[in-house]
2 protein chains.
Amino acid sequence: MQKEIPLTAVSSEKAVDPSNDKEFELYESKFKALADKKRLQIMNILTQKGSMCVCDLAPMMNMTQSKLSYHLKILWDANILTKETRGTWSYYDINTEEINHLLSHELCCIFKPSCC
Amino acid sequence: MQKEIPLTAVSSEKAVDPSNDKEFELYESKFKALADKKRLQIMNILTQKGSMCVCDLAPMMNMTQSKLSYHLKILWDANILTKETRGTWSYYDINTEEINHLLSHELCCIFKPSCC
DNA sequence: TGAATTGATCAAATTATCTTGATATATTAA
DNA sequence: TTAATATATCAAGATAATTTGATCAATTCA
């Protein structure tokens with residue numbers, strides 16, 4: 001039974017192509033952002049209602065401000081949401097371009113404005 | 001600052017539509033399966049090489065059998081991989097239909113056989 | 001100006017996921 | 001039939017993600 005050994009010690013035949021490594025890391029982070037029911041609900045609301053500030057989204061999500069900001073940051077960091085600050089308000093919205101790049105047309109219908 | 005309260009106590013205006021709840025849970029589980037670099041690498045190898053047994057995949061992934069089986073099960077549970085048992089071997093492969101349903105055409109090129 | 005609101009962030013507690021080594025069952029090969 | 005191989009699964013420990021309540025800075029409103 002083989003133990004894990006450093007990539008450098010593995011023949012080039014056997015090793016996973018390291019050129020894709022950064023790409024996989026990128027998609028890992030994006031799918032991690034999508035891998036949460038609450039965050040999918042946030043996306044769905046923004047898809048239907050459009051740009052929204054935290055204080056309006058919080059009661060719709062039935063979430064405390066702190067928790068909601070935590071989840072919004074994860075989606076924003078993954079470039080799945082855009083954010084626009086006006087005064088003391090932060091308006092978040094779906095980043096349609098990113099969604100289109102990631103998800104199938106079918107899923108776009110759930111998470112992308114004016115798709116279907 | 002609003003505390004979280006049970007959905008039943010929230011007006012229908014404010015509450016998240018519960019009819020989508022099961023759907024979001026489903027996608028959550030699928031994106032969770034995708035949200036791991038090692039699992040994306042597994043998918044990429046299967047995309048390129050086609051159906052493969054655990055004992056052939058293990059050295060390519062530079063992973064112990066136990067760990068690899070753990071990750072394969074997660075992908076299989078999410079219906080992202082198919083599994084065919086022949087004797088004592090288990091052959092895993094990409095479930096192209098599911099991948100197409102989830103991911104954009106661009107991503108299919110990375111994770112879907114003969115796409116681009 | 002002073003009080004209230006908005007939203008980001010922090011630390012601690014909780015919960016979920018991943019890794020590891022061991023074991024068990026089934027099958028194949030000698 | 002015995003030994004070796006293939007794979008799944010388990011329990012324990014290690015890591016990572018989430019929740020909670022508090023605090024802070026920057027507005028906005030009265």
Side-chain angles (χ1 to χ4, degrees), chain A residues 1-7 16 24-25 28-43 45-46 51-78 80-93, chain B residues 1-7 24-25 27-43 45-46 51-78 80-93:
Chain A
M1 203 164 290
Q2 186 179 22
K3 260 224 87 180
E4 286 181 52
I5 39 178
L7 257 184
V16 167
F24 292 142
E25 255 165 43
E28 172 185 72
S29 69
K30 288 184 190 290
F31 289 131
K32 267 198 179 125
L34 293 170
D36 185 278
K37 197 170 86 164
K38 297 178 207 73
R39 292 196 286 268
L40 294 177
Q41 285 173 335
I42 291 170
M43 290 167 63
I45 289 176
L46 294 177
S51 181
M52 235 182 212
C53 65
V54 181
C55 62
D56 286 347
L57 199 49
M60 292 192 76
M61 285 299 300
N62 197 32
M63 265 191 193
T64 59
Q65 178 268 317
S66 161
K67 196 171 170 179
L68 179 55
S69 282
Y70 168 79
H71 287 290
L72 287 170
K73 182 176 184 342
I74 286 172
L75 289 168
W76 182 64
D77 285 346
I80 288 166
L81 298 186
T82 60
K83 171 180 170 180
E84 193 196 339
T85 301
R86 289 206 290 274
T88 178
W89 286 270
S90 286
Y91 289 86
Y92 287 89
D93 204 353
Chain B
M1 204 165 290
Q2 187 177 24
K3 260 222 87 180
E4 285 181 52
I5 38 177
L7 258 182
F24 292 143
E25 255 164 44
Y27 288 122
E28 173 184 73
S29 68
K30 289 183 190 289
F31 289 130
K32 269 197 177 126
L34 294 170
D36 185 278
K37 196 170 86 164
K38 298 179 204 72
R39 294 196 285 267
L40 295 177
Q41 285 172 337
I42 291 170
M43 289 167 63
I45 289 176
L46 294 176
S51 180
M52 234 182 213
C53 66
V54 181
C55 61
D56 287 346
L57 200 48
M60 295 192 75
M61 284 300 298
N62 196 33
M63 264 191 193
T64 59
Q65 177 270 316
S66 161
K67 195 171 169 180
L68 179 55
S69 283
Y70 168 79
H71 287 291
L72 287 170
K73 183 176 182 347
I74 286 172
L75 288 168
W76 182 64
D77 285 347
I80 288 166
L81 298 185
T82 61
K83 172 180 169 179
E84 194 196 338
T85 301
R86 289 205 289 274
T88 178
W89 286 270
S90 286
Y91 290 87
Y92 287 88
D93 204 354

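Residue numbering restarts at 1 for every chain, and letters A, B, ... go by the order of the sequence lines.
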Does a nitrogen or oxygen in the side chain of [X] sit under 4.0 Å from OP1 or OP2 of [N]?
| X | N | value |
| --- | --- | --- |
| A:R39 | D:dT18 | yes |
| B:K38 | C:dT19 | yes |
| A:Y91 | C:dT6 | no |
| B:K67 | C:dT20 | yes |
| B:K32 | D:dA17 | no |
| B:T85 | D:dT7 | no |
| B:K83 | D:dT7 | no |

Between [options], spot the one nearest the side chain of [X], thanks.
| X | options | answer |
| --- | --- | --- |
| A:S66 | D:dT7, C:dG7, D:dA22 | D:dA22 |
| A:C55 | C:dT6, C:dT19, C:dA8 | C:dT6 |
| B:W89 | C:dT28, C:dA8, C:dC18 | C:dT28 |
| B:V54 | D:dA8, C:dG7, C:dC18 | D:dA8 |

Interface residues of residues 68-75 of chain B with DNA chain C (non-hydrogen, below 4.0 angstrom): B:Y70, B:H71, B:I74
Shortest non-hydrogen contact between A:T82 and A:W76, atoms and distance: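 Heavy-atom minimum between the residues: C-CD1, 4.1 Å.
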A:L72 versus A:V54, closest heavy-atom pair with distance: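 Shortest heavy-atom separation between A:L72 and A:V54 comes out as CD1-CG2, 3.8 Å.
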Pairwise distance [atom1]([X]) to [atom2]([Y]) - rounded to 0.5 angstrom:
| X | Y | atom1 | atom2 | answer |
| --- | --- | --- | --- | --- |
| B:M60 | B:I42 | CE | CD1 | 11.5 Å |
| A:L34 | A:I74 | CG | CD1 | 11.5 Å |
| B:I80 | B:F31 | CD1 | CZ | 9.0 Å |

Just how far, in rounded Å, is [atom2] of [N] from [atom1] of [X]?
| X | N | atom1 | atom2 | result |
| --- | --- | --- | --- | --- |
| A:M61 | D:dT18 | CE | P | 13 Å |
| B:I42 | C:dC18 | CD1 | C1' | 13 Å |
| A:E28 | C:dC18 | CD | P | 9 Å |
| A:M63 | C:dG7 | CE | P | 15 Å |
| A:D77 | D:dA16 | CG | P | 17 Å |
| B:L57 | D:dT7 | CG | C1' | 13 Å |

Residues forming a salt bridge (Lys or Arg N to Asp or Glu O under 4.0 Å) with A:K83, sequence neighbours excluded: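 Salt bridge (Lys or Arg N to Asp or Glu O under 4.0 Å) list for A:K83, sorted by chain: empty.
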Presence of donor-acceptor pair under 3.5 Å, side chain of A:T88 and base of D:dT27: no
Presence of donor-acceptor pair under 3.5 Å, side chain of A:Q65 and base of C:dA8: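 By the distance-only test, yes, there is a pair.
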Donor-acceptor contact below 3.5 Å, side chain B:R39 vs main chain B:K32: yes
